[in-house]
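Notes follow once the structure below has been shown.
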Amino acid sequence: MPSYELLITFFITTVVFAYIPGPAMLYAAAQTMARGRASGLMSVLGIHVGCYVHIIAAAAGMSVLFQAVPWLYMVVKLCGAAYLIWLGFSMLRTKVAGGEVNLAIAPKSAKRAFFDSIIVDVLNPKTALFFLAFLPQFVDPAAAFPVWLQFLILGVLVNVIFSSADLVCVLLAGAMLGRLQRSGSMQRLARRAAGTVLMGLGVHLALQRS
């Protein structure tokens, strides 16, 4: 493994990156506000699981494909953007029974949030490029462990730290949700806001040049 000094730098840098508000936090918060805390927690788990696809790809050198084949990067990015926009639109068009949004936690909605989140993360090529750009800075070719194993270990640590930040975001959104459940109008507003956030994230991803 890399030296202790390099690992400390890795840990500090990762924590800073993880706790800066970003798309993953907004996505997890939107899922929480629209579907409840259980769905928010399952969305964090889904993002976490999906991220391992990128970690394995980085360890295998497959992420280099996105740099070598620009059109492949664009196709994956647009698919991910379209899926986010569709999720947001689905929240906006959800029919409300009795004039109120039901934010009760349903196992089906939590399960759906889990699988939706895996798809969203896997279809985000910027995650793959992040690992490709970030991890090599902390890999030591002279270390006892092979480079691919260092990629895996450091990637898992990054994933855990980023997931902890997303988890904090979900818990904060869940605390707000408890108050919103007392008002039907606020529930409707929360779902619309969540749908708008997801659609906005999709548009942002689609319009990014790199």
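Just so it is clear, the values below take in all heavy atoms, side chains as well, and ignore hydrogens, waters and symmetry mates.
- Between the CD1 atom in Ile47 and the OG1 atom in Thr127 there is a gap of 9.0 Å [rounded to 0.5 Å].
- Rounded to the nearest 0.5 Å, atoms CE (Met25) and CG (Leu167) are 10.5 Å apart.
- Salt-bridge check for Asp121 with Lys126: failed, with every basic side-chain N at 4.0 Å or more from each acidic carboxylate O.
- Judged as a ring pair (Phe, Tyr, Trp, His ring centres under 6.0 Å), and not counting sequence neighbours, Tyr27 has no contacts.
- Rounded to the nearest 0.5 Å, atoms CG (Asn124) and SG (Cys79) are 12.0 Å apart.
- Closest approach of Gly202 to Ile85, counting heavy atoms only: CA-CG1, 3.9 Å.
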Self-check item: Derivation of the side-chain contact (heavy atoms from CB on, under 4.5 Å) call for Phe11 and Leu157
Solution: CA-CA 9 Å; Phe11 179 77; Leu157 291 175; over 6 Å; no
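- A single hydrophobic cluster is seen to contain both Val147 and Val156, as judged by linkage of ILVMFWY side chains at heavy-atom distances under 4.5 Å, directly or through other members.
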Practice problem: Quick one: do Phe131 and Leu154 satisfy side-chain contact (heavy atoms from CB on, under 4.5 Å)? Show the steps, please. | Solution: CA-CA 10 Å; Phe131 281 109; Leu154 294 176; over 6 Å; no
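- Residues Cys169 and Ala29 come closest through the heavy atom pair SG-CB, 3.8 Å.
- Taking CD1 of Ile119 as the reference point, atom CG of Leu84 lies at 11.0 Å (rounded to 0.5 Å).
- Nearest heavy atoms, Ala175 versus Arg37: N-NH2, 3.6 Å.
- Shown here are the salt bridge (Lys or Arg N to Asp or Glu O under 4.0 Å) partners of Asp166, two or more places apart in sequence or in another chain: there are none.
- Leu45 belongs to a hydrophobic cluster whose other members, connected by ILVMFWY side-chain contacts under 4.5 Å either directly or through intermediates, are Met42, Val49, Val53, Phe114, Phe115, Ile118, Val122.
- Distance CD1/Ile153 to CZ/Phe145: 5.0 Å, rounded to 0.5 Å.
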Exercise. May I have the step-by-step check of salt bridge (Lys or Arg N to Asp or Glu O under 4.0 Å) for Arg35 and Asp116, ending in yes or no?
Key: CA-CA 13 Å; Arg35 294 175 173 172; Asp116 283 346; 3.6 Å; yes
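- Distance OG/Ser39 to CZ/Arg112: 10.0 Å, rounded to 0.5 Å.
- Scored by the ring pair (Phe, Tyr, Trp, His ring centres under 6.0 Å) test, Phe134 finds Phe17, Phe130, Phe138 as partners (sequence neighbours excluded).
- Both Trp71 and Leu123 sit in one connected hydrophobic cluster of ILVMFWY residues. Membership requires side-chain heavy atoms under 4.5 Å apart, directly or through other members.
- Under the side-chain hydrogen bond (donor to acceptor under 3.5 Å, both in side chains) criterion, Ser164 pairs with Tyr19, sequence neighbours left out.
- Of all non-hydrogen atoms in Thr32 and Gly174, the two that sit nearest each other are CG2-N, 3.7 Å.
- Judged as a side chain to side chain contact (heavy atoms under 4.5 Å, CB included), and not counting sequence neighbours, the contacts of Leu172 are Val168.
- Tracing side-chain contacts under 4.5 Å through hydrophobic residues (I, L, V, M, F, W, Y), one never reaches Ile161 starting from Ile8; they form parts of separate clusters.
- Under a hydrophobic clustering in which Ile, Leu, Val, Met, Phe, Trp and Tyr are joined whenever their side-chain heavy atoms come within less than 4.5 Å, directly or via other members, Val15 and Phe162 fall into different clusters.
- Residues Gly155 and Ile55 approach most closely at O-CD1, 3.2 Å, considering heavy atoms.
- Annotation: side chain to side chain contact (heavy atoms under 4.5 Å, CB included) contacts of Pro146 (sequence neighbours excluded): Trp148, Leu149.
- Within the 3.5 Å criterion, the main-chain N or O of Ala113 finds no donor-acceptor partner in the side chain of Gln31.
- With sequence neighbours excluded, the residues that form a side-chain hydrogen bond (donor to acceptor under 3.5 Å, both in side chains) with Ser163 are His48.
- Minimum interatomic distance between Phe151 and Pro136 (heavy atoms only, all atoms of both residues): CZ-CG, 3.7 Å.
- In terms of hydrophobic clustering, with Ile, Leu, Val, Met, Phe, Trp and Tyr side chains grouped at heavy-atom distances under 4.5 Å, Ile12 and Val160 are assigned to different clusters.
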